[in-house]
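Here is the structure we will look at, set down as structure tokens.
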Amino acid sequence: MTSNFKPIRKAVFPVAGLGTRFLPATKAMPKEMLPINDRPLIQHVYEEARQAGIEEFIFVTGRQKEMLEEHFDYQPELEQTLTSRGGKEDMLEKVRSSEMPAGKLFLTRQPRPLGLGHAIWCAAKLIGDEPFAILLPDDLVLHEQGCLTQMVDVYNQKGGNVIAVKDVPKEHTKKYGIVDIGEKEGNITQVKGLIEKPNPEEAPSTLSVVGRYILQPEVLGYLAAFERGAGNEIQLTDSMAKLIGDQPFHGLEFAGQHYDCGSRLGFIEANIAYGLDDEEIGKDVSTLLTKYK
Ligand code: UTP
């Protein structure tokens, strides 16, 4: 779709968190390298971003996260071995699917994990003065049309800021950023306000923010204040809330099933769902599951 708004060319992937909920698995390995079916979380979101037309990929990394960059490297030894064995075209294809084209991966570091807002601010120079996307590798959405692609469609109509949202049980609002809902047009909601991790009795709605964002660069100015919010972390939600009123701000209730892969239960469920969805092993996964009923 053609649009009058600046295109979304860059995406930020914050991957500097500690992943404490997956200890000891994440003692030496990044949480974002945990696999859902046959590929790590980071590759799922990379593919989603590519489908949405993203051209530049910005990783905000930290200590012990080097494996994430290496995953997107050219692997000559592996390719040579597979080639010399012959008939391994499908495997070679899989290896190459995570090879980042030259000049497209940009790295910055967050020296300390002070919160998601701080991680995004660490990428400010690489983002520059243009609207950009953020994808949290913890959050996966299973749908033919990727969640970010759906959001870019909304952005092309509305401009401004677009976030992915979904309804959650009232007793769970304390775990999420929650939207104060304005006018609704189908699955698009005007965002009147945002509040991070409110108690159920203070929550303005049950519509929660999922880890996909299209934001205007002005948010970076607010993040630069380094204000601490919920959990004493520098929260992205607090700075996004300051854009409301000055710029269009919409939430999209996206199509597809969302999995919170940052929690152990969500991670296991995502592995079942992606396994069932897999052309090669889907039927066998389904049969396997009957054993556990
Ligand atoms: P989470 O809060 O889910 O990740 O952040 P975490 O802190 O690593 O996990 P737990 O709660 O300890 O288990 C969502 C995303 O934001 C990144 C994380 O790496 C993850 O991809 N993040 C979070 C940062 O890059 N920096 C931070 O300071 C916090």
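Read the numbers this way: they start at 1 and go in the same order the structure lists the ligands and their atoms. Quick note: numbers below take in every heavy atom, side chains included, and nothing from hydrogens, waters or symmetry partners.
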N or O pair under 3.5 Å between R112 and ligand 1: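 For ligand 1, there is no N or O atom that lies under 3.5 Å from one belonging to R112.
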
Looking at [X], which atoms of ligand 1 are within less than 4.0 Å of one of its heavy atoms?
X    : result
P113 : 28 (O)
A119 : 24 (C), 25 (O), 26 (N)
L114 : 28 (O)
P137 : 21 (O)
E32  : 18 (C), 19 (O), 20 (C), 21 (O)
T20  : 10 (P), 12 (O), 13 (O)
Q110 : 24 (C), 25 (O), 26 (N), 27 (C), 28 (O)

4.5 Å side-chain heavy-atom contact, V168 and K175: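 V168 does not reach K175 side chain to side chain.
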
Minimum side-chain heavy-atom gap V45-R212 below 4.5 Å: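 Side-chain contact under 4.5 Å: yes.
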
F57 and F72 aromatic centres sub-6.0 Å: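 For F57 and F72, the ring centres are not under 6.0 Å apart.
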
Protein heavy atom at shortest distance from atom 15 (C) of ligand 1: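 Here the closest protein heavy atom is P14 O, 4.0 Å.
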
Nearest-neighbour protein heavy atom for atom 11 (O) of ligand 1, which is reported as residue plus atom name and distance: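 Scanning the protein heavy atoms, the shortest distance from atom 11 (O) of ligand 1 goes to R21 NE, 3.1 Å.
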
Ligand 1 contacted by G19 (non-hydrogen, < 4.0 Å):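 Yes, G19 has a heavy atom closer than 4.0 Å to ligand 1.
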
salt_bridge(E66, R109) N-O dist < 4.0 Å: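 Looking at E66 and R109, the cut-off is met.
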
N-O pairing of E185 and K158 below 4.0 Å: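 Salt bridge: yes.
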
Residue portion contacting ligand 1 (non-hydrogen atoms closer than 4.0 Å) for K31: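 The part of K31 near ligand 1 is the side chain, not the backbone.
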
Check: Q64 side chain, T26 main-chain N or O, donor-acceptor pair, under 3.5 Å: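 No; zero donor-acceptor contacts below 3.5 Å.
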
